[in-house]
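Throughout, protein chains are lettered first and strands after them, A, B, ... in sequence-line order, and every chain is numbered starting at 1. These numbers come from the heavy atoms of this one structure, side chains and all, not from hydrogens, waters or symmetry mates.
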Amino acid sequence: MGADQKDMEDTHLAKERVVERPFAEFREECKGLLIGALNEEGLEFVEDDVRLAVPSVPDYGNLSFSTFSVAKKNGKNPKDLADSLASRIASYEKFLVERVESAGAGYVNFFVNYTKFAEVTLEAIRKIKEGFGRLGERDEKVIVEHTSVNPIHPIHVGGARNAVIGDTLARVLRAAGYEVSRHFYIDDVGLQVAQASYGYSKLGDVPVSGKSDHFVGFVYAVTSCAMSIKSLQREIERLKSEGKDEGVREKLGELDDWVGVASELRAKNEKVFDAVYQAISESENPEGEVADLLRRYEKKEEEAVKLIRRVSELALAGFRETLARANIEFDSWDWESELTSWNGGAETVVEWLLRTGFGRVEEGTAILDCEEVARRYGLKERYGIKGEVPPLTLKRSDGTTLYTTRDIAYTLWKFDRAERVINVISLEQKLPQLQLKLALYALGLGGLAENLVHFSYELVHLPGKKMSGRRGRYVTFDEVMDEAVERAYEEVSKRSPHLSEEERKKISEVVGVGAVRYALVAVAPNKPITFTWERVLNFEQNSGPFIQYAHARASNILAKAHQSFGGVEADYAGMSTRYERDLVVKLSLFPEVVSEAAKSLRPELIAEYANELSATFNIFYDNVPVLKTEDERLKIARLGLVEGVKTVLANALSMMGINAPTRM
RNA sequence: GGGCCCGUGGCGCAGACUGGAUAGCGCGUCGGCCUUCUAAGUCGAUGGUCGAGGGUUCAAAUCCCUCCGGGCCCGCCA
């Protein structure tokens, strides 16, 4: 077979078959060549030794193999081994691999055949469009529970981080072929909701005003403030009478803090503040009333249900509005009361646990001996537990259940509907999430524990202080989006004054929200974030708008092209600049990034990739004319490249829940 | 006190799980590039003993140990 004939056959092959994962294909080919050569050398190696890495500089090729460990295993010189492997591979038949080089002190570098690679990659994108980067369907149901903000205050930026990470993770897993269901767990059986509702009941004829979740948040802050002040005052009296001066001093400091909070709150809304604060001040025993309300709610007493549901619904209505604006949807809103409390689920869990012998009743409270569970099942090693695991209180002495107990029942409910459960919950809750797993083991359901993932993320701090719902001190998701959209509007108006007011509004909404989502998902979840406006209002490189802008530029070229990319006549070989080649390789990597992001649960990889692709495209844009290309066949190839960029950027943005505007 | 997370140029981050060839990127600062597909762009300059010290290795930002600094958790809250 002559060289020409072989090329034709290869081309034909590329046309017939859609290569959904071009880079993976290239990698596999390299690996095959390498294994062939290693076998021919008669060397001893395991599959794991044949690891190919993307080299640090382009001079070293597109993938590189380091011979050191195999050389050592076989008593060879790494450099000599690299030389002989490279020369053997040189004579092998190749498809996507152009050539191989021995370099450095023992590296075999693989160079891709750009002409074929461009064709294979761009054809694949053109054919499968939004499917490029999606991987094959898998027969595995995954529940992603995220956000789950208590219905007692608006979603603040910490909750926004959870929501954005959770939503992106769900989208990535879906793209990777899993059957994903997104759940919001409404913790309406918590003490805090009872507290907010108690405060709400003291409003009298003061009407709900403003956005409903913000209103509930305000009532909750006033309530907790009034209750804290009252209980601190009592505490101080008691300590005084007992002559504990240092205790008194400490409590006075706390009281001071709360008095400050009170005046902050009163300045915001006098009417609501006065109504709630006064009623609570006059109450004999607010804590008792809250506890009583919660007890009656768990027993599903009509009046309590009416009140708590009313408050919860107010908060949720606000959440829905906020989340919809951020492109975040749920497949299921799970009421804790219904799934764990009123159906007796949590009670049953407590009974089961008591019967396992790991649980016991102490002074009227039910307790799970987590330390004993961990030891019995040998989990200390597995979960890297060094100290003692504190016991988990399952039931209060008044008979009501605690959050983690209900979470056990909820987890069982989730596992009736999915094989894997991922909970996006802040790192703060590491211990209860561990206790949850231990409880599953105690119940003899260790298998479920192994498929339960606590996807943790770090908190968002305000400069100087921690956000506090109880103190009404937080920056809300709403505010952040408002501010970003406003900033985007100024920018759009400045740059595109020719667009209609309506269109500018539409674009700035998409750009502002995109900036916020990107800023929250781009930082690795295990890094604490200090909130600054600068961080979310960044519209330059490494931002949502930067990627959207690249997408708009690509769209613009295509809109002006008046001709489309019909692969047949395209001159792929003509795309020989490094700008074009880098772009092709970058595009081919998208499915690999999705695969890695889904496998290792790292949504931030999508953000990082989209940013890199945008930067690579911008460099191309500045250096390679597309519409002005003289040669028609080359122009068609370049249009294909631009179309590929547009498609992949849109796919990546969509995976982050960010819209891709065609102009901005 | 015990445990977990983090520490990379002035600031914000990637790279660490799976060790490889000159540690990347953004912001900032200084200086270029719009009669050429949108300058939210791009090019150049500046700037890092990868918190400190030891160890393992042919090779360490990456793995192990000790220490220092910051955050978080250790509740009949969630």
Exercise. Let me know the distance between OH of A:Tyr518 and P of B:C13, rounded to the nearest Å.
Key: 13 Å
Quiz prompt | Side-chain donor-acceptor contact under 3.5 Å, A:Arg517 with A:Thr168 | solution = yes
Self-check item: A:Glu592 CD to B:U18 P, straight-line distance once rounded to whole Å
Solution: 20 Å
Quiz item: Is B:C34 syn or is it anti, if syn means the base angle is within 90 degrees of 0?
Solution: syn
Quiz item: Does A:Gln429 make a side-chain N or O approach to OP1 or OP2 of B:C72 shorter than 4.0 Å?
Solution: no
Quiz item: In whole angstrom, what separates A:Lys386's NZ from B:G2's P?
Solution: 12 Å
Quiz item: Whom does B:C72 pair with, Watson-Crick or G-U wobble, provided both distances fall under 3.5 Å?
Solution: B:G3
Quiz item: Of A:Lys599 and A:Pro390, whose closest RNA chain B nucleotide lies nearer the 5' terminus?
Solution: A:Lys599
Quiz item: Could one point to a donor on the side chain of A:Asp59 or the base of B:A21 with an acceptor on the other under 3.5 Å away?
Solution: no
Quiz item: Can you check salt bridge (Lys or Arg N to Asp or Glu O under 4.0 Å) on A:Asp292 and A:Arg296, steps first, answer last?
Solution: CA-CA 6 Å; A:Asp292 192 53; A:Arg296 287 186 292 125; 3.3 Å; yes
Quiz item: For A:Tyr549 and A:Tyr621, what are the C-alpha separation, side-chain angles and deciding distance, and is it a ring-ring contact (aromatic ring centres under 6.0 Å, His included)?
Solution: CA-CA 12 Å; A:Tyr549 184 64; A:Tyr621 186 96; 8.1 Å; no
Quiz item: With a 4.0 Å cut-off on heavy atoms, is A:Arg470 in touch with a base, just the backbone sugar-phosphate, or nothing at all?
Solution: nothing
Quiz prompt | Whether over 12 other heavy atoms sit under 6.0 Å from A:Lys76 NZ | solution = no
Self-check item: Selected nucleotide, minimal atom distance to A:Glu428 side chain, candidates B:A14, B:C73, B:A78
Solution: B:C73
Quiz item: Between A:Phe111 and A:Tyr60, does the ring centroid distance fall short of 6.0 Å?
Solution: no
Practice problem: Pick the C1' atom in B:C33 and in B:G71, then give their distance to the nearest Å. | Solution: 44 Å
Quiz item: Base, sugar-phosphate alone, or nothing: which one does A:Ala552 contact when heavy atoms must sit under 4.0 Å apart?
Solution: base
Quiz item: Are any of A:Lys527's side-chain N or O atoms less than 4.0 Å away from OP1 or OP2 of B:G7?
Solution: yes
Self-check item: Gap in Å between the two C1' atoms, one belonging to B:C17 and one to B:A61, rounded
Solution: 14 Å
Exercise. Provide the distance between the two P atoms, one in B:G53 and one in B:U8, to the nearest whole Å.
Key: 16 Å
Self-check item: Any N/O donor-acceptor pair, A:Thr404 side-chain to B:A78 base, under 3.5 Å
Solution: no
Quiz prompt | Which nucleotide in B:G19, B:C43, B:G26 has an atom nearest any side-chain atom of A:Arg51 | solution = B:G19
Self-check item: Intermediate values then yes/no, salt bridge (Lys or Arg N to Asp or Glu O under 4.0 Å), A:Glu596 and A:Arg602
Solution: CA-CA 8 Å; A:Glu596 179 61 28; A:Arg602 293 184 58 191; 5.2 Å; no
Self-check item: Contact pattern, 5' to 3', of nucleotides 29-37 of chain B - B, S or - by protein heavy atom under 4.0 Å
Solution: -------SB
Quiz prompt | Nearest-Å distance once atom P is located in both B:C13 and B:G32 | solution = 32 Å
Exercise. Count the heavy atoms belonging to other residues, nucleotides or ligands that lie under 6.0 Å from CD of A:Glu534, then report whether that count exceeds 12.
Key: no
Quiz item: Given atom CG of A:Asn542 and atom P of B:C25, what is their separation to the nearest angstrom?
Solution: 12 Å
Quiz item: Does atom NZ of A:Lys506 have more than 12 heavy-atom neighbours, drawn from other residues, nucleotides or ligands, at distances under 6.0 Å?
Solution: no
Quiz item: Does B:G28 have a Watson-Crick or wobble partner in any strand here, with both distances under 3.5 angstrom, and which is it?
Solution: B:U46
Quiz item: OP1, OP2 of B:C5 versus side-chain N and O of A:Asn526: anything below 4.0 Å?
Solution: no
Self-check item: Test item: side-chain donor near acceptor, A:Arg470 and A:Ser228, under 3.5 Å
Solution: yes
Quiz item: How would you label the contact of A:Gln192 with the nucleic acid (heavy atoms, under 4.0 Å): base, sugar-phosphate, or nothing?
Solution: base
Exercise. Count the heavy atoms of every other residue, nucleotide or ligand shown that sit under 6.0 Å from NZ of A:Lys599, and state whether that count exceeds 12.
Key: no
Practice problem: With C1' as the reference atom in both, quote the distance from B:G15 to B:C63 in angstrom, rounded to an integer. | Solution: 16 Å
Practice problem: Taking only the side-chain heavy atoms of A:Asn618 (C-beta and beyond), determine which of B:G41, B:C13, B:G19 contains the nearest atom. | Solution: B:G41
Practice problem: Give the nucleotide from the list B:C43, B:C76, B:A21 with an atom nearest to the side chain of A:Ala103. | Solution: B:A21
Quiz item: B:U62 and B:G54: how far apart are their P atoms, nearest whole angstrom?
Solution: 13 Å
Quiz item: Tell me, for nucleotides 57-63 of chain B in 5' to 3' order, what letter each nucleotide earns: B for a base near a protein heavy atom under 4.0 Å, S for only sugar-phosphate near one, - for neither?
Solution: SB-----
Quiz prompt | Under-4.0 Å side-chain N/O to phosphate OP1/OP2 contact, A:Asn150 with B:A78 | solution = no
Quiz prompt | d(CG, A:Leu52; C1', B:U18) in whole Å | solution = 13 Å
Practice problem: Describe the nucleic acid contact of A:Pro78 in one word from base, sugar-phosphate, nothing, applying a heavy-atom distance below 4.0 Å. | Solution: nothing
Practice problem: Taking atom P in both B:G7 and B:C50, compute the distance separating them and give it to the nearest angstrom. | Solution: 14 Å
Exercise. Taking A:Ser614 for its side chain and A:Ala610 for its backbone only, find out whether a donor-acceptor pair lies under 3.5 Å.
Key: yes
Quiz item: Once you round it to whole Å, what is the distance between P of B:A78 and CG of A:Asp187?
Solution: 7 Å
Quiz item: Just to confirm, is there a sub-4.0 Å distance from OP1 or OP2 of B:C11 to any side-chain nitrogen or oxygen of A:Arg535?
Solution: no
Quiz item: Over how many whole Å does the gap from A:Glu458 atom CD to B:G70 atom P extend?
Solution: 16 Å
Quiz item: To the side chain of A:Ala524, which of B:C73, B:C17, B:A14 is closest?
Solution: B:A14
Quiz item: With rounding to whole Å, what would you report as the distance between B:U29 and B:C11 at their P atoms?
Solution: 16 Å
Practice problem: Answer yes or no: does a side-chain N or O of A:Thr393 lie under 4.0 Å from OP1 or OP2 of B:C76? | Solution: yes
Quiz item: Does A:Arg602 make a side-chain N or O approach to OP1 or OP2 of B:C17 shorter than 4.0 Å?
Solution: no
Quiz item: Do the two ring centres, one from A:His461 and one from A:Phe531, sit under 6.0 Å apart?
Solution: no
Quiz prompt | A:Tyr185 and A:Tyr410 aromatic centres sub-6.0 Å | solution = yes
Quiz item: Is A:Thr662 touching bases, backbone alone, or none of the nucleic acid, heavy atoms closer than 4.0 Å?
Solution: base
Self-check item: Candidate nucleotides B:A14, B:C77, B:A21, ranked by approach to the side chain of A:Leu191 - the nearest
Solution: B:C77
Practice problem: Map A:Pro545 and A:Ala522 onto RNA chain B by nearest heavy atom, then report which one ends up closer to the 5' terminus. | Solution: A:Ala522
Exercise. Kindly indicate whether a cation-pi arrangement holds for A:Lys73 with A:Phe45, taking the cut-offs as under 6.0 Å to the six-membered ring centre and within 45° of the axis.
Key: no
Quiz item: Which base, if any, makes a Watson-Crick or G-U wobble pair with B:A16, both distances under 3.5 Å?
Solution: none
Self-check item: For atom CG of A:Leu427 and atom C1' of B:G71, their distance in whole Å
Solution: 10 Å
Practice problem: Name the pairing partner of B:G41, where a pair is Watson-Crick or G-U wobble with both distances under 3.5 Å, or state none. | Solution: B:C33
